[in-house]
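Keep in mind that the numbers below use all heavy atoms, side chains included, and drop hydrogens, waters and symmetry copies.
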Amino acid sequence: MVARRKVAVVGVALSDCGRVDDATPYALHAQAARRALADAGLDRSLVDGFASAGLGTLAPVEVAEYLGLRPTWVDSTSVGGSTWEVMAAHAADAIAAGHARAVLLAYGSTARADVRAGRRTGTLSFGTRGPLQFEVPYGHTLIAKYAMAARRHMIEYGTTIEQLAEVAVQARANAALNPEAMFRTPITVDEVLAGAVIADPFTKLHCCVRSDGGAAVLLAAEEYVRDCRTSPVWVLGSGEYVSHATMSEWADFTVSPAAVSGRLAFERAGLRPDEMDFAEIYDAFTYMTLVTLEDLGFCAKGEGGAFVEKGRLRVEGGGLPVNTDGGGLSAQHPGMRGLFLLVEAVRQLRGEGRERQVRRRGDGSLPRLGMVSGTGGWFCSSGTVVLGV
């Protein structure tokens, strides 16, 4: 039996993102993958594991073939936005157990370009079979499910629409520091509230942007770290959890599955939420950020509204910088965005944030610890990963 090895993220990259009208999803996968390998400085022949979801009839077989890979370890877990945190956990376990040397995670989507070209509609459907058949006739769309959960939190805990709007305002403030962000012009709470209502209580700016783009992350066993051109970012702990598919089976709309995945990740890392220097949290909607912060333990249940006030989530002057690149609300959101969270977290821990670089409270040094939390479906699944240098 091979002794369990330490596992590090050794390469990360984004493809061209934002408005990309002249590329296929396969091309964005390949562009991000090539850049991540170049970032790590490792030869492609070392990669014997591959994980991907969301593209092709036999994902990730088709994507691996397109990239010229013949992996002996593969993962196609598909749980929405939390897919990549769950895959990263699986890859780290496989590497630690000696089942793979290096695992590449890759994603690419032309969600925005496809809508503009008429190749798909702007409405996301998860189908009408199985348990979902009992909700579809009522027009219960994905955004309506998130909106209903947000309204329940407002009723239960007195959370205000202004507090939810603060999440969007601070995400945009962070995006203003990111040259690669899709939207960088500062916004105010009043501007968020004045927007067109998409699903009560959400106006347009409470919702993520629609973009094109891809990302890739390379994980490797500790013995290969010395051959890399980058400093390692170690996987310290992870957790995953699935909760429900239908809203009728969701026990409490004010509790997300991050309450379980986060607890497991922190326990396995031997760390606490208050030790994190920053957090990258899936933010398809403002409420996702607020309730996930509660469930990860950064504040008590029901106190998320007060927690996000007064600029706490900002890179500049915030007590807990959150979504330092601008997140899905402002930077980019080409579908299952969880892999972008991992890329940004690694860049922050390596000190590559440039204008948006997080500094530790007190001494102004580079961050030592960070975490990412991805959410899938309508709070159906969650994956959390704790990282450190």
Side-chain angles (χ1 to χ4, degrees), residues 80-82 135 138-172 189-190 192-208 241-263 273 279-313 318-320 322-323 327-329 333 337 371 373-384:
S82 62
E135 294 183 350
Y138 299 96
H140 205 188
T141 61
L142 180 142
I143 187 172
K145 295 177 182 183
Y146 278 106
M148 187 165 70
R151 181 60 73 184
R152 181 70 253 169
H153 198 281
M154 296 169 75
I155 292 170
E156 193 80 16
Y157 296 109
T159 305
T160 67
I161 192 64
E162 289 82 7
Q163 290 170 332
L164 288 172
E166 270 290 346
V167 175
V169 170
Q170 293 176 60
R172 183 63 63 86
V189 168
D190 288 342
V192 176
L193 302 185
V197 175
I198 306 300
D200 181 70
F202 295 148
T203 59
K204 182 177 180 179
L205 291 175
H206 282 280
C207 308
C208 64
Y241 182 65
V242 296
S243 171
H244 60 277
T246 56
M247 297 291 281
S248 61
E249 296 301 311
W250 189 359
D252 186 342
F253 287 5
T254 69
V255 178
S256 79
V260 177
S261 71
R263 173 179 57 79
E280 309 294 343
I281 293 174
Y282 206 100
D283 62 339
F285 306 99
T286 52
Y287 175 61
M288 293 179 75
T289 303
L290 185 147
V291 75
T292 304
L293 284 167
E294 291 181 348
D295 293 333
L296 290 173
F298 289 107
C299 61
K301 177 53 61 182
E303 295 180 3
F307 185 86
V308 302
E309 290 181 328
K310 299 179 181 178
R312 191 188 295 265
L313 312 184
L320 177 71
V322 171
N323 297 336
L329 292 170
H333 197 298
R337 192 179 178 272
M371 59 81 57
S373 181
T375 300
W378 34 96
F379 291 112
C380 303
S381 63
S382 177
T384 302

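Aromatic pair Phe285/Phe202: ring centres closer than 6.0 Å. Between Phe253 and Phe379, the distance from one ring center to the other does not fall under 6.0 angstrom.
Here the shortest heavy-atom pairing between Pro257 and Ser243 reads CB-CB, 4.3 Å.
By the 30° and 60° cut-offs, the orientation of the rings of Tyr282 relative to His333 is perpendicular.
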**Message:** Between Thr375 and Ser256, does the side chain to side chain contact (heavy atoms under 4.5 Å, CB included) criterion hold? Intermediate values first, please.
**Reply:** CA-CA 9 Å; Thr375 300; Ser256 79; 5.7 Å; no
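Side chains of Thr286 and His206: a donor on one and an acceptor on the other come within 3.5 Å.
Proximity of a side-chain donor or acceptor of Asp283 to a complementary backbone N or O of Gly327 within less than 3.5 Å is not detected. Judged by distance alone, with hydrogens and angles left aside, the side-chain atoms of Glu294 form a donor-acceptor pair with the main-chain N or O of Glu303 at under 3.5 Å. No donor-acceptor distance shorter than 3.5 angstrom exists from the side chain of Glu249 to the backbone of Thr246, with no hydrogens or angles considered. Side chain of Gln170 to backbone of Val308: a donor-acceptor contact under 3.5 angstrom is found. Formation of a donor-acceptor pair under 3.5 Å by the Lys301 side chain with backbone atoms of Thr254 is found in this model. Judged purely by atom type and a 3.5 angstrom limit, Trp250 uses its side chain to pair as donor or acceptor with the backbone of Val255.
Under the 4.0 Å criterion applied to side-chain N and carboxylate O atoms, Asp295 and Arg263 are not assigned as salt-bridge partners.
Here the side chains of Leu193 and Glu162 are in contact, with some heavy-atom distance below 4.5 Å.
A search for side-chain hydrogen bond (donor to acceptor under 3.5 Å, both in side chains) contacts involving Ser261 returns Ser382, Thr384, not counting sequence neighbours.
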